[in-house]
There are 2 protein chains.
Amino acid sequence: MKYIEKLRNSGLRPTKQRLQICEVLFNTEKTFHFTINELEKKIKDRANNKISLATIYNTVHAFEKKGYLKQIPINSNQTYFDTNITDHHHFYDLKEEKLIDLENSDVGPINIKRKINGKKIKSVEVLVKLED
Amino acid sequence: MKYIEKLRNSGLRPTKQRLQICEVLFNTEKTFHFTINELEKKIKDRANNKISLATIYNTVHAFEKKGYLKQIPINSNQTYFDTNITDHHHFYDLKEEKLIDLENSDVGPINIKRKINGKKIKSVEVLVKLED
DNA sequence: TAGTAGTTTATAATGATTCTAAATAAGTGT
DNA sequence: ACACTTATTTAGAATCATTATAAACTACTA
Ligand SMILES: [Mn+2]
Ligand SMILES: [Mn+2]
Ligand SMILES: [Zn+2]
Ligand SMILES: [Zn+2]
């Protein structure tokens, strides 16, 4: 299994639940956006055994803390995550409630001129809301 | 009362609850960011009578729909609102969990090069996360 | 003043997320 | 392999922001 080392190196034991979740999240051509509920559904579809919802939450948060997932700031009752951990931005289609990646190259360079005393910039994220 | 006309013109009846909430939200020198719970506290402090939480939710959503308030997309368990309805951006201090306005002039002009078929850009919002 | 449509309110319901604590599994040393 | 420790999983309960309900109340209009 190609995720065993990745997990061990992160100090996470490679359990069969985590490995299954890795398969669903990372063994794909393209990156994608998801909510916990969508992920739960994907897992059910893929494997026949079920992983408890608590474990899915635990794992997603563990992966996020390790930097393998990002949370996307968006106004929704559910939290959105992203398997694309590169610096990039998003369109948010308000009608479809769907996120679309916006590569850095699709947005001009962003220069934050103001500084806040004693604080460092950790990330700069652009959200472009779309309507019809 | 200076908010009566504003409300009437929006098709909202100027009830005493709405007028009180207008006072708290709009009768200030500076704009500010708030959650429903923070707003509830402000209202309690200001007036001695209480407005039901349901009414606060209703009113905030009504004002948002009319464009007198904006929701700020951010990862938090509570929804943040902004009385500053001009186009602008935000710092988010991760440690303090506080929002700080970033004026348009503090961010270079943002040029979204990619187009999505049949969709119009409604807003472009930048969130700059700050750490120590 | 009467009628009506809009609003407020207490309270219940919802639903995403987190917590709990017991069972299970993984890592470690022998 | 075995014993031991520690991490993880799990079902279910708890939390808590938000929304729904439906009855009482209020603003507008004629
Ligand atoms: Mn979360
Ligand atoms: Mn809301
Ligand atoms: Zn993305
Ligand atoms: Zn603001």
Side-chain angles (χ1 to χ4, degrees), chain A residues 1 3-25 33-44 47-66 68-69 71-81 97, chain B residues 1 3-25 33-44 47-66 68-69 71-81 97:
Chain A
M1 288 296 214
Y3 298 111
I4 291 179
E5 273 314 294
K6 178 176 177 176
L7 289 170
R8 280 228 184 78
N9 293 339
S10 311
L12 298 172
R13 291 184 180 176
T15 63
K16 92 172 152 9
Q17 291 86 346
R18 283 177 178 158
L19 290 169
Q20 267 184 234
I21 294 173
C22 279
E23 290 290 331
V24 173
L25 291 179
H33 307 116
F34 66 92
T35 63
I36 295 285
N37 278 281
E38 291 166 353
L39 177 58
E40 190 190 20
K41 204 170 298 175
K42 275 201 179 187
I43 292 167
K44 267 199 204 116
N48 266 16
N49 68 30
K50 61 170 162 298
I51 298 177
S52 95
L53 188 56
T55 297
I56 297 176
Y57 271 98
N58 289 343
T59 302
V60 165
H61 286 134
F63 287 2
E64 186 200 5
K65 186 168 285 179
K66 295 299 178 183
Y68 302 141
L69 291 172
Q71 258 191 254
I72 303 173
I74 202 170
N75 288 129
S76 166
N77 54 329
Q78 286 169 260
T79 303
Y80 274 82
F81 294 90
E97 297 190 334
Chain B
M1 289 296 213
Y3 299 110
I4 290 179
E5 274 313 295
K6 178 177 175 174
L7 290 170
R8 279 229 186 78
N9 293 339
S10 312
L12 298 173
R13 291 184 179 175
T15 64
K16 91 172 150 11
Q17 291 86 347
R18 283 176 178 160
L19 289 169
Q20 267 184 231
I21 293 173
C22 279
E23 289 291 331
V24 173
L25 291 178
H33 307 117
F34 65 93
T35 63
I36 295 286
N37 277 279
E38 291 165 354
L39 177 58
E40 191 189 20
K41 204 171 298 176
K42 277 200 178 186
I43 291 167
K44 268 198 203 121
N48 268 17
N49 69 30
K50 62 171 161 298
I51 298 177
S52 94
L53 187 57
T55 298
I56 298 176
Y57 271 99
N58 288 343
T59 302
V60 165
H61 286 135
F63 287 2
E64 186 200 4
K65 186 168 285 179
K66 295 300 179 184
Y68 301 141
L69 290 173
Q71 260 191 252
I72 304 173
I74 202 171
N75 286 130
S76 166
N77 53 329
Q78 286 168 261
T79 304
Y80 274 82
F81 294 90
E97 297 190 334

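Proteins get letters first, then strands, A, B, ... in listed order; numbering begins at 1 in each. From a predicted model like this one, the values you see are computed outputs, not experimental measurements.
- Following rounding to the nearest Å, Ile36(A) (CD1) and dT18(C) (P) show an atom-to-atom distance of 8 Å.
- In this structure, CD of Glu38(B) is placed 11 Å from P of dT18(D), rounded to the nearest angstrom.
- Residue whose closest nucleotide on DNA chain D sits further toward the 5' end, between Arg13(B) and Asn77(B): Asn77(B).
- Of all nucleotides listed (dT10(D), dA26(C), dT9(C)), dT9(C) comes nearest to the side chain of Gln17(B).
- Side-chain proximity of Arg18(A) to the nucleotides dT17(C), dT9(D), dT8(C) is greatest for dT9(D).
- Of the listed nucleotides (dT7(C), dA7(D), dT9(C)), dT7(C) has the atom at the smallest distance from the side chain of Thr15(B).
- Of the candidates dA11(D), dA10(C), dT18(D), the closest approach to any side-chain atom of Ser52(B) belongs to dA10(C).
- In this structure, the CD1 atom of Ile51(A) is 15 Å from the C1' atom of dA25(C), given to the nearest Å.
- The line from CD1 of Ile36(A) to CD1 of Ile43(A) is 8.5 Å long, rounded to the nearest 0.5 Å.
- Taking the side chain of Lys50(A) as heavy atoms from C-beta on, and the options dT11(C), dA11(D), dT8(C), the nearest nucleotide is dA11(D).
- Closest contact between the side chain of Arg8(B) and the listed nucleotides dG12(D), dT9(D), dC28(D) involves dC28(D).
- Atoms NZ (Lys16(A)) and C1' (dA25(C)) sit 9 Å apart, rounded to a whole Å.
- Atom NE2 of His61(B) and atom C1' of dT8(C) are 16 Å apart (whole Å).
- For Leu53(A), counting side-chain heavy atoms from C-beta on, the closest listed nucleotide (dT17(C), dA11(D), dT11(C)) is dT17(C).
- A salt bridge is absent between Glu38(A) and Lys41(A): the closest approach of a Lys/Arg side-chain nitrogen to an acidic carboxylate oxygen does not fall below 4.0 angstrom.
- Atom-to-atom, CD of Gln78(B) to C1' of dT15(D) comes out at 13 Å; the value is rounded to the nearest Å.
- In this structure, NE2 on His61(B) lies 6.5 Å from OG1 on Thr79(B), to the nearest 0.5 angstrom.
- Regarding Gln20(B), its CD atom lies at a distance of 14 Å from the P atom of dT26(D), rounded to whole Å.
- Neither OP1 nor OP2 of dT19(D) sits under 4.0 Å from any side-chain N or O of Tyr57(B).
- With hydrogens and angles disregarded, a donor-acceptor distance shorter than 3.5 Å links the side chain of Arg18(A) to the backbone of Arg13(A).
- Considering only side-chain atoms of Thr55(B), the nucleotide from dT9(C), dT8(D), dT18(D) that sits closest is dT9(C).
- For the atom pair CZ of Phe63(B) and CG of Leu7(B), the computed distance is 5.0 Å after rounding to the nearest 0.5 Å.
- Look at Thr79(A) and you won't find any side-chain N or O under 4.0 angstrom from OP1 or OP2 of dA16(C).
- Protein atom CD1 of Ile56(A) is 9 Å distant from nucleotide atom P of dT10(D), rounded to whole Å.
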